[in-house]
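To find a chain, count down the sequence lines: A is the first, B the second, and so on, and within it residues start at 1.
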Amino acid sequence: MHLKTLKIKGYKAFSGEFTVKLNNGLNILVGENATGKSTIIDALRLILSEDEYGRGGITASDFHKPLHLSTKTKGAPRISIACEFDNLNDDEQVVYLPWLNLNDPKKAILSLAIENKEDNRGRFKRKIWGNESESGLFEWELLNRINCIYLPPLRDAEDKLKAYKGSRLSRLLKNLRIQDESDEMHPLEKKFAMLNKDLLNDSSIQIANSYIKDNILKAVGPVFGQDASLQFTEINFDRIVERIRLLFYPVIPGAGSTNSVDMFRELSENSLGFNNILYLATILAEFDGTETTDTFHKILLIEEPEAHLHPQLQIRLMHYLQQRSIENKIQIIVTTHSTTLASSVDLNAIKVLSATKDSSMPIFTAVEECCLPSPTKDFLERWLDITKSTLLFAKGVLLVEGIAEAMLIKQLSKTVLRELMAENPEKHYCDTLDDYGISIINLNGLYFNHFMALFKGYHRKSEDVFAGCSGIPVRCAGLTDNDPDKEGRPTQSSPLIGKNHQLYLVQELEDNSINCRLFTNLKTFEYDLALEGTNLSLMCDVQLKLMETDGTIKSQLQTYIDNDWEAATPEEKADAAFWLLNRIDKGVFAQALTQYLVKSQTEFQVPLYIKKAIKWLVD
Amino acid sequence: MVSRLMTNKKRLKICYKLYKLIRCDLSSMIKLSGEQLFYINQAIGENTFLQACPGSGKTEVIGLKASYQILSWQHSLGGLAILTFTNSAAKELSTRIRKYADLSLGTHPHFVGTFDSWLHNFILHPFCHYLTAYKGQDGDKSVRITDQDSNADFLHNYEIKLEHNGKSIPIAATEYHFIKDWETIVGDSDLAKSLIEKKLTEEQKSVFIKNKIKFFQDGFATYADAEFLCYKLLVKYPFLRKRLSQRFPIVIIDECQDLSDGQISFLDLLMQEGSKLDFVGDIHQAIYDFRYVNPENLLSYIDVKKFKKLYLTKNFRSNQEIVNVTSFLKNDGIKIYANIEMKSSITCVLWQYDETTFTDLPSKFAALLKQYSIPAKNCAILARGKTTLDLLRIQNQLWKFSKIELFAVSLHCWFKLDRSSTDLTNALTYAGKFIFSVAYLGRADIRNQYRPQSFDSIRWRLLIKEFLNASKYLYTYGEQNDGVNWKNWSSLVKQFLNLNWHYFDNSQTTFDNIKSRIKAPANLGDIPVNDLFKDKSGHNVFRTTTIHSVKGETLDAVMLVSHKNKQSRGGHFSHWIRNEKSEEEHIRFAYVACSRPKHFLVLATPKLSKLDLQHLEKIGFKADHNIFTNESSDGGQ
């Protein structure tokens, strides 16, 4: 069995019913801040009665309050949380019988409700039930057989691994003890009993003991007197294991050897990151240790496991978790802001939470449900690196073909936004794309179809037949070059037919997608830049400064710089642009142009297709 | 009878084996009879029926057997279902099992409880809406169980009108139910019963069905419907049947004689999926005819399905003379052995009363017991019918009170000087019923002092308390009785309600609406209120009750009182003697009554004819003709 859907209503940010779809194995919840990732984890902990960190206490502020109301208003009348489990096998169907959906016995339902009514001890009335009827008996044993462990963010691993009652280590050791179930003294207890005996033979202990006895006798006399004996206190198993703590040594011993005991260091000497890994290892060991026939499902909730870990370790850890989730049938649910984590797992594990503009409920999208064709999924998994995976955390995405666009567009967008502001003074525009939370992603090629599959919200069923499906609900625009014949010199009045194989998307997206658009130009990015206004002078100036050798090119550039482009015909511009395009190194040129634009604050004309793309993203 | 032949050596071996596992003294284990040990030790591999005679230590034996099964339980998924029919019996069983099997908290995965709670919790509540398509309220699709005799307002929505003798008679959906399929309709109220017995036309039948379906679709059901719905669920969903059978591979039924036909059909479905049934009970004690319990059907089921039959024939409760009387009544040829001493040479006596001596019965009974130093506390006077009982007992019955009487009694219970906890409970219940019936509508929670839906139980009880305290000045008929009569008192109550209506938070009606309903009980206007509490039957210190209510109990002595005339249904001694006209059910009632006492059984009848006297003497009663004259013998010499 595994947890398939979680429905939350009236809890924290979730006013109406919010549905989270989870799959078997690993699940990664990504999204910007305040989209409810932790609330989802908290809701799971509430319904599964996981209370190691005292989540059991619900407070008045946990009941949903609409943002437009004051904080003093009473929240939603009740919090409802429901889980649906799927794929119950025969044994699980027997055990979870009262929770079963009769129409599909592989499914079981568990529900929790908390009424927004405090009793005089400040507690909220809660009720938990299987299936859809609140009445009747609830077998807590069934819930207890779902083993849920939670790891909070920025946890103080050192603290948790210390020796104390109820520490992780003592839990692990006690759980292991339960399984051998013999009444006999544990070998540990025997050893400690022996030790106690030896201790009493030690002369200094004996002397101390007799002093104490003497003093008792003198102080209270023989009638009230008590006998006393010095002992090592931990003589039963539970007490012994509560005193055990974890130490570390930073080097794994070579084959066949072990690190000597006195080499191990206190955890306080270890790095935070490594302590986190040690802690996680203990938790996973606990899952192994508590594995009994009584456990039907294991759920591990981890918030921000990236804390204190450098990227390589994050990736190793994520791969390990993914592997464990498969081997040991643990359902792992992770929240993260780490693009490293997001880019290193199976895409189907990724669930995106997106905020909505009107601050109502966030939107949940499972990448699994975006109907990615398998070549696309394979492609994205290979190509989603750390930079590209920021698209999972963005409020808007602008996809570009190459490094030149990636560098320049950030700067050009400022101009566009300024112009938009001037055109529509009644609307408010931000200064930069960053302010909008829009990421510019360099695809290094023509891969719009693959990347946009995450956002476009439809899929092709057959030739010319499209059907709706999930898509990450943020706007996504692409800028692509028309790429006509290499020798072509198109102008607005005489464009050429492009050879870019992604161009079919322009119309298809417009017809089918709410969130995705692809924008294109006459020829190429630089060519189209050069055609606008008097850009040619400026661009030639930039190129001139890059030239190291004198010659005809340099003089031609100087001619173009001085030319009056405002008076020039489009054809003249086209010829000049064509000439320039063949003489620049795109990367170097873009870099120089960007720098120039940043420094000089010179006005620069932005081609219409870029303007349109930015307008589409911010409007 | 195999068990009887067990050698002593084998007995000790079993005792020791059980003792090693079960939390029970070896000494009490050794006291178990061969029959008992055999049953406890027997693995549940086949369907079994244990016919246990009265006082055979049945509950103890089930407790030990269930504990033995629990402690050696190997299945990882399911558990035992150990079911009985009353809450008190279920509690008793559960206490024993938890003690013997050393279960500190719950019994999971095993279930110990009443048949109804098992059925409701594992089938009805989780799954009923799949069958009835009830849409639910706020996401809650729980079925709402409605009492068969409820007369709540909402039931008018589920009423059908039946033409009968030119009159249109309303029948509510709660007044009838179906068995197994929609073919058999059974009436639950007298009216419905009589109409249904007159045979319904197909058309009428379909009206009955439609009305019931509507009732179900809106999320309601009666207890009788619950059985029907659960059976239907198992029939419709084969996998549910299979899983339930895996969940409960063994079902032990205590008091199996109380199984209704519907319940047997339900269990049969589980048995077909592989569950093993273990029935324990005394077929001769089946006295639930009104619940469609027919021991004949159970017996034939046991025969057809070839249950293994075992017997407990040692009666540890009653002396041999009493055992002989009960053996005569059951007449099945199986000899029962008593295990306790006789307190006197005569322990089954027959007293004949007449009009004048009838009320002396309790005091005569008391005198007899005093002679043998038997305290009255654990003795009872039993009769079949209410008419006989009412003449003998002091306390009135709750359901017979009118509104104003309820209020009067609750005040009396609340303010009397030596208020017991029973008085407290009664005061709250009666007052709750009174307040609910005057000021609230809809459905009341009978188990919580008739709490209306809009209250939680604590707030409701506090309201009752405050209301009772406020009405203290109305309680003038107590210890210093002022002789106020019903007519005057009810006008006082009216005034009081008018002034204090504000006590009733969120009341759904007004005083003006209900004031006409506050009136003196019919024909009692001039009678003092205080008469309600007057001892009308002389000095009866005994628990005076129906045979039903002492089912399963052990008493020191019993006086069984026959109705004075033959017209009483099953209450006259002649109905208790087996002949060609007798009904088995009536004899079973007498059997239950006679098998309760340890030491003395008194049968009180009207004056007997010679023939009747001979009959009763043949059964084993010794007549004491002088009991009501002064030189009465003690019945024991």
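Interatomic distance, B/Lys135 NZ to A/Glu132 CD, rounded to the nearest 0.5 Å: 12.5 Å. Within the model, atoms CG of A/Leu100 and CG of B/Leu240 stand 8.0 Å from one another, a figure rounded to the nearest 0.5 Å. Remark: B/Tyr130 OH to A/Asn131 CG distance equals 4.0 Å, nearest 0.5 Å. Rounding to the nearest 0.5 Å gives a distance of 7.5 Å between NZ of A/Lys117 and CG of B/Asp456.
Within the 4.5 Å cutoff, side-chain heavy atoms of B/Phe239 are placed close to those of A/Gln93. When side chains are defined from C-beta on, B/Asn121 does not count as touching A/Glu139, because their heavy atoms never get closer than 4.5 Å.
Residue B/Lys232 qualifies as enclosed at atom NZ: its count of foreign heavy atoms under 6.0 Å is above 12. Remark: B/Lys91 NZ is loosely packed, at most 12 non-hydrogen atoms of other residues, nucleotides or ligands lying under 6.0 Å away. Within 6.0 Å of the NZ atom in A/Lys65, the count of heavy atoms belonging to other residues, nucleotides or ligands exceeds 12. In B/Leu462, the CG atom is crowded: over 12 heavy atoms of neighbouring residues, nucleotides or ligands sit closer than 6.0 Å. Counted within 6.0 Å of OH on B/Tyr19, heavy atoms from surrounding residues, nucleotides or ligands total 12 or fewer; the atom is thus considered open. Within 6.0 Å of atom NZ in B/Lys276, more than 12 heavy atoms from other residues, nucleotides or ligands are found, so the atom counts as buried in its surroundings.
Minimum interatomic distance between A/Pro98 and B/Phe122 (heavy atoms only, all atoms of both residues): CG-CD2, 4.0 Å. Shown here for A/Glu134 and B/Asp140, the closest heavy-atom pair between the two residues is N-OD1, 2.7 Å. Across all their heavy atoms, A/Asn103 and B/Tyr237 have their closest contact at OD1-OH, 3.8 Å.
Of all the listed residues (B/Lys236, B/His120, B/His129, B/Lys242), the one sharing the greatest number of non-hydrogen pairs under 4.5 Å with chain A is B/His129. Residue with the most contacts toward chain B among A/Ser111, A/Ser135, A/Ser80: A/Ser135 (heavy-atom pairs, distance under 4.5 Å). Listed options B/Arg247, B/Arg144, B/His108 were ranked by heavy-atom pairs under 4.5 angstrom with chain A; first place goes to B/His108.
Paired with B/Leu77 under the rule side chain to side chain contact (heavy atoms under 4.5 Å, CB included), one option of A/Val95, A/Leu97, A/Asp90 passes, and it is A/Val95.
Both the backbone and the side chain of B/Leu244 come within contact range of chain A, judged by heavy atoms closer than 4.5 Å.
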